[in-house]
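Every heavy atom of this structure was used, including side-chain atoms; hydrogens, water molecules and symmetry mates were not. Letters go in sequence order (proteins before strands), and every chain restarts at 1.
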Amino acid sequence: MKRTHNATDISSQNVGQEVVLNGWVNTRRDHGGLIFIDLRDRSGIIQIVFSPDVNEESFHLAEQVRGEYVVAAKGKVSLRPEETENPNLLTGKVEIYVEEMEVLNRAKTPPFYIEDNIDVDENLRLKYRYLDLRRPEMRKNLELRHRVVKVMRDYLDEKAFIEVETPILTRSTPEGARDYLVPSRVHPGEFFALPQSPQQYKQLLMVAGMEKYFQIARCFRDEDLRADRQPEFTQLDMEMSFVDEEDIFQLIEEMMLRIFKEGLEQDISIPFPRISYEDAMKKYGNDRPDLRFGLEIVDLTELLRDVEFKVFSGAIKSGGVVRAINARGCGSFARREIDKLGEMAVEYGAKGMAWIVVGENELKSPIIKFLTEEEVEQILNALEAKPGDLLIFGADSAETVARVLGNLRMELARRLNLLEKESLNFVWVLGFPLLEYDEEAKRYVADHHMFTSPCLEDIELLDTDPGGVKARAYDLVLNGVEVGGGSIRIHRRDWQEKIFGLLGLTVEEAQEKFGHMLEAFEYGAPPHGGIAFGIDRLLMIMSQRQSIRDLIAFPKTQSASCPMMETPSEVSMRQLRELSLKIRDK
RNA sequence: GGAGCUGUGGUGUAGCGGUUAACAUGCCGGCCUGUCACGCCGGAGAUCGAGGGUUCGAAUCCCUUCAGCUUCGCCA
C-alpha cells in the first residue's frame, strides 16, 4: 500500500476520498469498541479510526499495534462528528475510517517519549538520535537548517557566486586551533590535516580568477567543546575579488534579511549598526557585545586617578583602569547575592569586587569609607545612580576589567531577565587589532588570522608599533554570539612576508609552510576579501536554542564522542601497520 | 589541565544513616463505541552509575573513578 497523501495534506477538501497513508503510530487510544490512532509522518499528525463496523480485520489488527509501529492505512476521509473536532491538530476537522491496514514494521517501546519538550538525559537522546530526530521540534530544526542553507545558495547564485568544493585532506598549519590529523599510508610518517577553514584555498581561488566564491564548508578544530562549539561545524564561507568592507556588509545584510524572511517569516532591519572593537571592549567588556540590553560599563579612570583608596589609584598607577556598571534596581540584592557576584568576578580574574548599594538616604558599601564625600558624589553622578541601584566596580588592567565586568554584565542580564529570546540584535564589530602580543610566546600572534590586511593608514606602524596596527577585519555579532567574521586580505607578497616576519616566522619557515601563497601572490593576485558564517550558531539563535547540538543531526558529546556510533574507536593492528603508526603506552 | 551541577524501575523525580526504596508516567493484562496526555481495574519492573572505605547498619557520609551537561583555560 503506497501512500497517496501526507498526513497534513488532508483537509475537509478531501472528504469522501479514499486515501492511503504511511507513517508511525504516535499514540493509540483503545476504547474497546473503537480505536483511535494518531498517525504521524514527516508532515504531522492525523487521526485514523478503527471500528468493527467498518472493517473487522483491521480493527483487530489495530488492537495489536503499539507506539512507533510503522503502518500503512487505507480508508475514506470523513468530517469528524460535531463536538469531536480537535483544534490542536492541523487536521483536527477530519479523520480517516480505516478499511485496510498493514503493519510494515513493529517497534520496541522507545526509551523516551517521541514528543516535544522532553526532559531526558542528553546522552540517551544522542545514543538513540534516530528516535530523538523523530520529535517534531528536532525535525523542525533540521527543516529550518535546510531552508536557510537553500536561501544562502539561491541568494549567492543570484549574485553570481560560484560554489566550489575544497579539499578535506589538507595541510597542517601553524597557529590557530589544534588540527585533526589523518595519517598518510602512501607517505609513512606524514599527515594530512582536516581544514579549520578553507582559508587558503579560497584565497587561491581568487588568484584563480573566480571573483566570487562560496562554499557550505565543514570545518574541523580539535579544541574543547562548548554549547556553541563542536569539533566539526559548518560555515558559509565566501570570498570576493575587487571589494572593500562596504561591499561585503551590504551583501551580507541583504542576505540576512532574506534568511530571516524566508526562514522564519521575520523582518529584520538593515543596515546593521556598527561598533568599534575599542568601544565594544570599553562599554561591554567583550568583542561580541550583546546589545539587547543596556547595563553599559562606565570608565571612571580619570575621575579616580588621585583618590586615596589604593585599590583604585594603585590599579590606575600601574597602567590599569577603574570601570563600573550601574546595575539598576539591583540594590535589593541580598548580601549573599552580591558576594556571589564577587566570587564570579574572582573566577574571571579579578582580585575582588568593590560595590555600592544606593539606598534612599544612605549608601551601603565596604569601600566608601576610603573615599571622600565629594569623590563618592562624583562617582554617583558619573553612573547616574539612583536609589535602588547597585554599583559594581572593577579595578585592574584594562583587559582584566573588561573581562570581569563584561561577564558580570551578562550575569546581571540573566538575573534580571533582560535576555529576550525573540529580539534580534545584529551589530558589526570593526577595527580589531591586527596583532596581539603573546606574553608566553614572547611574540606577536595574529588576532584574526595571518592573511588579514592591516588598515592602510597603519602600514607605517608595522615597523614602530605592531600592536597598534588595526586590521581590516570585521565580525558580525547577533545577540552576543559571534555568527560571522572575515577580513580584507593581503594580496601582496611583500606585505604578507612582513606579517610572517612579525609573527616570528623565519624566511625559510614562511617559504616552507606558505610558499604556495607567497608565490601565488606574484602571479597577479587581485585585491580580495571575504567572510564566513557559523551556520550552526546562526541557526541556534534563529531557533532559540541553547546549544548548536540541537541544530546538528549527529553531534558529538562534550568529550568529542558519539554515543550512537561509539566513535571514536580503536582500529586493528593491521590498519596501524599500514599507516606506519604505533600506539604509545599511556 | 581547573571549577560547578547531575547520575535511584524504561523515562522523569522523591527519599539524604535503619523504609517492604516512594510518586508520576511508560510497559504488560483485563474492561470500555468518540477519544485526542482517553478513562477505570489489576500486574510486572530498581543489585540506587562503578569501585573502595567509615559504620552494628550506606541510595544516604568519605575517597577514587566513569559518564553527561555548564564553564575557565583553549577555540587564528
Separation of the [atom1] atoms in [N] and [M], to the nearest angstrom:
| N | M | atom1 | answer |
| --- | --- | --- | --- |
| B:A46 | B:G7 | C1' | 14 Å |
| B:A59 | B:U71 | C1' | 29 Å |
| B:C63 | B:A58 | C1' | 14 Å |
| B:G39 | B:G51 | C1' | 48 Å |
| B:U25 | B:G43 | P | 16 Å |
| B:U47 | B:A21 | P | 13 Å |
| B:U55 | B:U13 | P | 34 Å |
| B:U60 | B:A44 | P | 27 Å |

Would you indicate what [X] reaches in the nucleic acid, counting non-hydrogen atoms under 4.0 angstrom: base, sugar-phosphate, or nothing?
| X | result |
| --- | --- |
| A:P81 | base |
| A:Q230 | nothing |
| A:D30 | base |
| A:I35 | nothing |
| A:F36 | base |
| A:R178 | nothing |
| A:E95 | base |

**OP:** Salt-bridge test for A:D438 and A:R443: reply yes if a basic N is under 4.0 Å from a carboxylate O, no otherwise.
**Re:**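 Looking at A:R443 together with A:D438, the answer is no, because their closest N to O distance does not fall below 4.0 Å.
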Subject >> Charged N-O contact under 4.0 Å between A:R80 and A:E85 >> reply: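 No, this pair does not count.
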Subject >> CZ (A:R288) with more than 12 external heavy atoms under 6.0 Å >> reply: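 Atom CZ in A:R288 is not crowded, with 12 or fewer foreign heavy atoms closer than 6.0 Å.
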Subject >> With A:R66 via side-chain hydrogen bond (donor to acceptor under 3.5 Å, both in side chains) - residues at least two apart >> reply: none
**OP:** Check side-chain hydrogen bond (donor to acceptor under 3.5 Å, both in side chains) between A:D290 and all other residues, then give those that pass, not counting sequence neighbours.
**Re:**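 A:D290: side-chain hydrogen bond (donor to acceptor under 3.5 Å, both in side chains) contacts with A:R292.
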**OP:** Give me the one residue out of A:N14, A:I46, A:L89 that meets side-chain contact (heavy atoms from CB on, under 4.5 Å) with A:V94.
**Re:** A:I46
Original post:
Counting only Watson-Crick or G-U wobble pairs whose two distances fall under 3.5 Å, which nucleotide matches B:G29?
Top reply: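 Partner of B:G29: B:C41.
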Subject >> Paired nucleotide for B:G57 [Watson-Crick or G-U wobble; both distances under 3.5 Å] >> reply: none
Original post:
Just how far, in rounded Å, is P of B:U33 from CD of A:Q47?
Top reply: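 Rounded to whole Å, this separation is 16 Å.
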**OP:** Rounded to the nearest angstrom, tell me the gap between atom CZ in A:R125 and atom C1' in B:G12.
**Re:**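 My rounded result for the distance is 14 Å.
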Original post:
Judged by modelled atom types alone, do A:D41 and A:S43 share a side-chain donor-acceptor pair under 3.5 Å?
Top reply: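 Yes - a donor-acceptor pair under 3.5 Å links their side chains.
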Original post:
Does A:R29 place a side-chain N or O at less than 4.0 Å from the phosphate oxygens OP1/OP2 of B:U35?
Top reply: no
Using the side-chain heavy atoms of [X], tell me which of these nucleotides is nearest: [options].
| X | options | answer |
| --- | --- | --- |
| A:L34 | B:C36, B:G26, B:U33 | B:U33 |
| A:R80 | B:U33, B:U35, B:G29 | B:U35 |
| A:T84 | B:U35, B:C38, B:G12 | B:U35 |

Subject >> Earlier contact from the 5' end, RNA chain B, for A:T109 and A:A177 >> reply: A:T109
**OP:** Assign each of A:V49 and A:E223 to its nearest nucleotide of RNA chain B by heavy atoms, then name whichever residue's nucleotide is nearer the 5' end.
**Re:** A:V49
**OP:** Evaluate whether the aromatic ring of A:H31 and the six-membered ring of the B:U35 base sit under 5.5 Å apart, centre to centre, with an inclination under 30°.
**Re:** no
Subject >> A:F50 ring center near A:H60 ring center (under 6.0 Å) >> reply: no
Subject >> Output field: ring centroids A:F514/A:F451 closer than 6.0 Å >> reply: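 A:F514 vs A:F451: aromatic centres under 6.0 Å.
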Subject >> Protein proximity profile, nucleotides 66-73 of chain B - base contact B, sugar-phosphate-only contact S, no contact -, cut-off 4.0 Å on heavy atoms >> reply: -SSBBBBB
